[in-house]
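All figures in this text were calculated on a predicted structure; none of them were measured in a lab. Each ligand, and each atom within it, is numbered from 1 in the order the structure gives. Just so you know, these numbers use all the heavy atoms, side chains as well, and skip hydrogens, waters and symmetry mates.
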Amino acid sequence: MAICSTHTTTSLHSPCTVSNTGFRQKQVIFFTSNRRSGRRHGGARTFQVSCSVEKPVVIGLAADSGCGKSTFMRRLTSVFGGAAEPPKGGNPDSNTLISDTTTVICLDDYHSLDRTGRKEKGVTALDPRANNFDLMYEQVKAMKEGQTIEKPIYNHVTGLLDPPEVITPPKIFVIEGLHPMFDERVRDLLDFSIYLDISDEVKFAWKIQRDMAERGHSLESIQASIEARKPDFDAFIDPQKQYADAVIEVLPTQLIPDDNEGKVLRVKLIMKEGVKHFNPVYLFDEGSSINWVPCGRKLTCSYPGIKFAYGPDSYFGHEVSVLEMDGQFDRLDELIYVESHLSNLSTKFYGEVTQQMLKHADFPGSNNGTGLFQTIVGLKIRDLYEQIVAERAGVPAEAAKV
Ligand SMILES: Nc1ncnc2c1ncn2[C@@H]1O[C@H](COP(=O)(O)OP(=O)(O)OP(=O)(O)O)[C@@H](O)[C@H]1O
Ligand SMILES: O=C(CO)[C@H](O)[C@H](O)COP(=O)(O)O
């Protein structure tokens, strides 16, 4: 039963108090509007939550479904230490992941139409008409101001909207999903934004790998699903990349002529210049154009080898720096050789990128540019966070290191 599918809830905070049970508690004001009647009801409830006065740094991560958002989030959380888990004692189908430092919410939770509703109206989940951008904006804004929210849950198991869950402000609040940069009001709240741009060929190969092997879908149904989503993907999701501060673009390799296996990848890290608290990574010499084939004495490379490129470029009219890697590592520990030729990595010690990659060698993409660039962006987000915290506190960045 889609009990909650006709309701949206928005909440505002009140200061924390400590109850006589010893729990910290917070009164959450909520407004519930019934989409069918349009009526708004108000109320107040007291939740036993850990209150915090954090004003989170807000990060947006956009990509189509099945394009590596969860994998990226696991790498990001790991950079801050600790594992991310769903809210304790909450809905087992919650899409939220919480660690000591980060809370990652999935924007699917702002679907205004459930699975049946979308079918009835003939719209996909990518269509803005199937999403509640007003509520998304109100709640991301409230979170950025350090307020607790009561966020809806879209249940991917049932296809229904479940009762909301309480989210308290973390240090870093990540909104990941189809539309983090679609609505200008939400976009303006982001301190940093990333777009995962997976080419059609690679997306298809990943989908087959996951949905055929793990979910029992047929090749034809995967093909049909990608084709059915394509017009809305092109209209509503893909254009968001122009707003991203960093784009990870994943393309078929150029090292194997007419490759159609999709196993070897060419990956570009496109980094916008002039973004506050973000200094693009560079190879050898900042601002120069470089082609580098590191294979030889220091790096083991079997066919088809590895090729790096770096240089300035223009992307949707913005000045950017682009770092590119085509090929894959044979031995991950040798990545240290590549790392030692990259600068502005925002590492805390020599070899931190290699250490992170080795730690998650079993994650998809760990032997190629997808894993390498996701790890680098994770380190840059940590650095950005520390700079923002230091700026707010009026202390040197060193003093705000996590
Ligand atoms: N870098 C990569 N290299 C190879 N395969 C990958 C990579 N990243 C993701 N995949 C494949 O794509 C699948 C989906 O990845 P992931 O769950 O991280 O994506 P997602 O965007 O979170 O998906 P969804 O939105 O559907 O939950 C993985 O199971 C894996 O098969
Ligand atoms: O594009 C998607 C983002 O994850 C999903 O297809 C969308 O959220 C709808 O989910 P479901 O297919 O489970 O009803």
Side-chain angles (χ1 to χ4, degrees), residues 2 5 61-77 84 93-97 104-120 123-128 130-132 152-162 174-180 182 194-199 201-215 217 221-222 225-226 228-230 232-233 236-238 248-253 261-269 325 328-329 357 360-375 377:
S5 63
L61 173 67
D64 197 3
S65 154
C67 286
K69 296 184 296 294
S70 312
T71 311
F72 185 12
M73 281 303 120
R74 286 197 289 162
R75 287 190 198 278
L76 174 70
T77 307
D93 295 329
S94 165
N95 301 307
T96 302
L97 285 173
V104 181
I105 64 156
C106 176
L107 296 180
D108 294 350
D109 289 335
Y110 293 98
H111 288 337
S112 51
L113 296 173
D114 62 14
R115 206 175 281 156
T116 313
R118 292 195 301 272
K119 207 168 170 191
E120 279 168 7
V123 294
T124 71
L126 300 91
D127 191 315
N131 295 280
N132 187 343
I153 299 174
Y154 177 73
N155 188 322
H156 280 281
V157 180
T158 61
L160 300 173
L161 286 148
D162 282 351
V174 184
I175 58 169
E176 64 95 348
L178 298 170
H179 303 101
F182 180 83
I194 307 121
Y195 185 90
L196 301 181
D197 187 8
I198 315 298
S199 66
E201 300 93 321
V202 177
K203 202 189 283 186
F204 188 52
W206 288 2
K207 275 259 179 206
I208 289 173
Q209 189 184 312
R210 183 180 72 174
D211 294 355
M212 262 178 94
E214 295 167 24
R215 300 185 179 176
H217 297 179
S221 72
I222 297 168
S225 142
I226 291 182
R229 291 169 68 101
K230 181 97 173 101
D232 282 353
F233 173 78
F236 308 119
I237 312 303
D238 192 61
I248 298 179
E249 193 175 309
V250 185
L251 304 151
T253 182
E261 255 195 275
K263 287 214 171 98
V264 182
L265 301 174
R266 176 177 163 228
V267 188
K268 289 181 176 191
L269 174 57
M325 175 183 165
Q328 55 192 31
F329 300 109
M357 290 282 283
H360 302 299
D362 56 329
F363 284 10
S366 287
N367 65 344
N368 63 36
T370 59
L372 175 61
F373 295 160
Q374 287 178 4
T375 302
V377 173

Atom 4 (O) of ligand 2 sits nearest the protein heavy atom Asp108 OD2, 2.7 Å
Is Phe373 close to Glu249 at the side-chain level, that is, under 4.5 Å between some pair of heavy atoms? no
Could you tell me if the side chain of Leu372 sits less than 4.5 Å from the side chain of Met357, heavy atoms only? yes
Nearest neighbour in protein (non-hydrogen) for atom 14 (O) of ligand 2: Tyr154 OH, 2.6 Å
Using modelled atom types and a 3.5 Å cut-off, is there a donor and acceptor pairing between side-chain atoms of Lys69 and backbone atoms of Asp64? yes
Kindly determine whether Leu97 and Thr77 satisfy side-chain contact (heavy atoms from CB on, under 4.5 Å), including the steps that lead there. CA-CA 10 Å; Leu97 285 173; Thr77 307; over 6 Å; no
Which one of Ile105, Leu76, Leu61 satisfies the side-chain contact (heavy atoms from CB on, under 4.5 Å) criterion with Glu176? Leu61
Minimum-distance protein heavy atom relative to atom 9 (C) of ligand 2: Arg118 NH2, 3.3 Å
Think Arg75 forms a cation-pi with Phe363, using NZ or CZ under 6.0 Å from the six-ring centre and within 45 degrees of its axis? no
Does any N or O atom in Asp64 lie less than 3.5 angstrom from one in ligand 2, N or O only? no
With side-chain contact (heavy atoms from CB on, under 4.5 Å) as the criterion, how do Tyr195 and Asp238 come out once you've worked through the C-alpha distance, each side chain's angles and the decisive distance to 0.1 Å? CA-CA 9 Å; Tyr195 185 90; Asp238 192 61; 3.6 Å; yes
Identity and distance of the protein heavy atom lying nearest atom 8 (O) of ligand 2: His111 NE2, 2.7 Å
Counting non-hydrogen protein atoms only, what is the nearest one to atom 13 (O) of ligand 2? Give residue, atom name and distance. His156 ND1, 2.7 Å
Let me see the working for Asn131 and Phe182 under side-chain contact (heavy atoms from CB on, under 4.5 Å), right down to the final yes or no. CA-CA 11 Å; Asn131 295 280; Phe182 180 83; over 6 Å; no
Pro364 versus Gln209: any side-chain heavy-atom pair under 4.5 Å? no
Is there at least one pair of N or O atoms, one from Ser65 and one from ligand 2, spaced under 3.5 Å apart? no
Ligand 2 atoms nearer than 4.0 angstrom to some heavy atom of Ala125 are 7 (C), 9 (C)
of all protein heavy atoms, closest to atom 1 (O) of ligand 2 is Arg229 NH2, 2.7 Å
side-chain contact (heavy atoms from CB on, under 4.5 Å) for Leu178 and Leu107? Distances and angles first, verdict last. CA-CA 7 Å; Leu178 298 170; Leu107 296 180; over 6 Å; no
How would you list, by chain and number, the residues with a heavy atom under 4.0 angstrom from ligand 1? Asp64, Ser65, Gly66, Cys67, Gly68, Lys69, Ser70, Thr71, Trp206, Gln209, Arg210, Pro364, Gly365, Thr370
